[in-house]
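Here is the structure we will look at.
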Amino acid sequence: SGLPAEIILDTIEDGQIDLAILGTSEPRGSKRGAFGPTAEQVMRKSTCPIMTVGPVAADRAPAHASPGPVIFATDFQSVTRQAIHQAISYCRSTDLQLHCLHVLPRTLQSSHGDHTLSEILTSALRHLVATSTVPIEKPICRVTYGSEISNAVVDYARQQEASLILLGVRRNGIFSPDDPLPIVFRIITEAPCPVLTI
């Protein structure tokens with residue numbers, strides 16, 4: 001008995017839980033998309049990583065026998081950079097390929113063949129992987145363009161038939177009162193696979 005979010009958070013704290021898994025099934029089109037108040041409160045206050053299975057991922061049957069890669073999307077902020085260590089550890093323990101992804105605004109996409117910015121950021125992604133204390137073989141580092149970051153990440157995950165999207169999250173930054181549907185919520189709502197937030 002009690003408030004579900006509080007009970008879940010108390011269980012995480014008391015049990016020293018390493019990972020909490022939430023399913024969200026709120027109807028799309030609501031104010032927070034796939035998020036009800038329980039999922040939002042747990043994500044905001046949890047002391048451990050949260051794996052969320054949104055409505056699209058829950059309805060999706062595996063398309064093939066072999067699992068797809070893990071997509072690690074980063075904006076190069078310090079918290080998101082630190083999540084690379086968990087992404088690499090997860091890939092090594094599950095024997096999945098790692099794809100590191102950064103999204104640039106479509107307005108920066110060159111129409112006359114200058115790929116300098118994309119090449120610089122791809123090198124930065126490779127360097128980020130190299131900073132991990134745990135080595136990983138042949139990660140894919142990509143820069144993509146999109147008018148909406150969440151759509152670009154989800155589209156890439158669909159194209160790659162991803163098993164998981166991993167995001168480093170500034171927990172106090174993803175719940176902006178000015179944005180009724182933050183990027184993380186939108187990714188979880190539409191993702192074809194679970195989303196792990198660190």
Side-chain angles (χ1 to χ4, degrees), residues 1-62 67-75 77-87 89-91 94 96 101 103 146 148-158 160-198:
S1 62
L3 297 174
E6 290 180 10
I7 300 299
I8 293 168
L9 289 165
D10 287 346
T11 302
I12 289 169
E13 191 70 30
D14 295 344
Q16 299 179 339
I17 304 299
D18 295 321
L19 173 69
I21 301 173
L22 299 176
T24 61
S25 58
E26 294 290 316
R28 281 190 233 156
S30 65
K31 183 179 177 191
R32 289 257 186 216
F35 278 81
T38 299
E40 180 178 337
Q41 288 177 40
V42 172
M43 280 192 72
R44 180 183 297 166
K45 298 177 181 177
S46 174
T47 56
C48 72
I50 304 290
M51 182 180 290
T52 310
V53 181
V56 174
D59 290 342
R60 182 176 172 260
V70 172
I71 310 300
F72 169 70
T74 181
D75 61 2
Q77 294 292 327
S78 64
V79 173
T80 65
R81 287 195 320 264
Q82 292 169 9
I84 189 65
H85 307 297
Q86 286 91 345
S89 294
Y90 184 88
C91 288
T94 57
L96 294 174
L101 182 69
V103 179
E148 175 80 39
I149 293 171
S150 58
N151 289 345
V153 171
V154 168
D155 288 346
Y156 187 82
R158 280 193 191 109
Q160 301 300 320
E161 298 182 334
S163 296
L164 180 73
I165 297 171
L166 193 144
L167 304 170
V169 175
R170 296 177 302 280
R171 295 208 188 270
N172 59 350
I174 62 171
F175 300 96
S176 167
D178 300 330
D179 185 358
L181 206 60
I183 291 169
V184 172
F185 289 171
R186 292 193 298 263
I187 290 173
I188 292 170
T189 301
E190 297 298 327
C193 58
V195 177
L196 180 61
T197 52
I198 306 291

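Only a predicted model underlies this, so the values are computations on that prediction, with no experimental measurement involved.
We find the CZ-CD distance between F185 and E40 to be 4.0 Å, quoted to the nearest 0.5 Å. To the nearest 0.5 Å, atoms NZ (K45) and CD1 (I12) are separated by 12.0 Å. Interatomic distance, SG of C91 versus CG of L164, reported as 8.0 Å (0.5 Å rounding). Considering CZ of R44 and CD of Q41, their distance stands at 7.0 Å, rounded to 0.5 Å. Distance check: I17 CD1 to I8 CD1 gives 11.5 Å after rounding to the nearest 0.5 Å. Expressed to the nearest 0.5 Å, how far CD1 of I183 lies from CG of D75 amounts to 8.0 Å.
Scored by the side chain to side chain contact (heavy atoms under 4.5 Å, CB included) test, T94 finds Y90, L96 as partners (sequence neighbours excluded). Taking I21 as the reference, L19, M51 meet the side chain to side chain contact (heavy atoms under 4.5 Å, CB included) condition, with sequence neighbours excluded. Take E13 and apply the salt bridge (charged side-chain N to carboxylate O under 4.0 Å, His left out) test, not counting sequence neighbours, and it matches no residue. Taking the side chain to side chain donor-acceptor pair (under 3.5 Å) definition, one finds that D155 meets it with R158, sequence neighbours left out. The salt bridge (charged side-chain N to carboxylate O under 4.0 Å, His left out) test applied to D10 returns no partner, not counting sequence neighbours. Qualifying ring pair (Phe, Tyr, Trp, His ring centres under 6.0 Å) partners for Y156, counting only residues two or more places apart in sequence or in other chains: H99. For S150, the side chain to side chain donor-acceptor pair (under 3.5 Å) test picks out E148, R186, with sequence neighbours left out. For A83, the side chain to side chain contact (heavy atoms under 4.5 Å, CB included) test picks out F72, Q86, L166, I198, with sequence neighbours left out. Partners of Q82 according to the side chain to side chain donor-acceptor pair (under 3.5 Å) rule, which considers only residues two or more places apart in sequence or in another chain, do not exist here. Annotation: side chain to side chain contact (heavy atoms under 4.5 Å, CB included) contacts of A73 (sequence neighbours excluded): V153, L167.
Closest approach of A157 to I165, counting heavy atoms only: CB-CD1, 3.7 Å. Across A20 and C48, no two heavy atoms sit closer than the pair N-SG, 3.8 Å. A152 and G146 make their closest contact through CB-CA, 4.3 Å (heavy atoms, listed as atom of the first residue, atom of the second, distance). Shown here for G68 and S163, the closest heavy-atom pair between the two residues is O-OG, 2.7 Å. Of all the heavy atoms in I71 and A162, the pair that sits closest is CG1-CB, 3.6 Å.
Residue V154 is tested with V195, I188, I187 for a side-chain contact (heavy atoms from CB on, under 4.5 Å); the sole match is I187.
Taking 4.5 Å as the limit, every side-chain heavy atom of M43 sits out of range of all side-chain heavy atoms of V169.
The number of heavy atoms from other shown groups lying within 6.0 Å of CG (D18) does not exceed 12.
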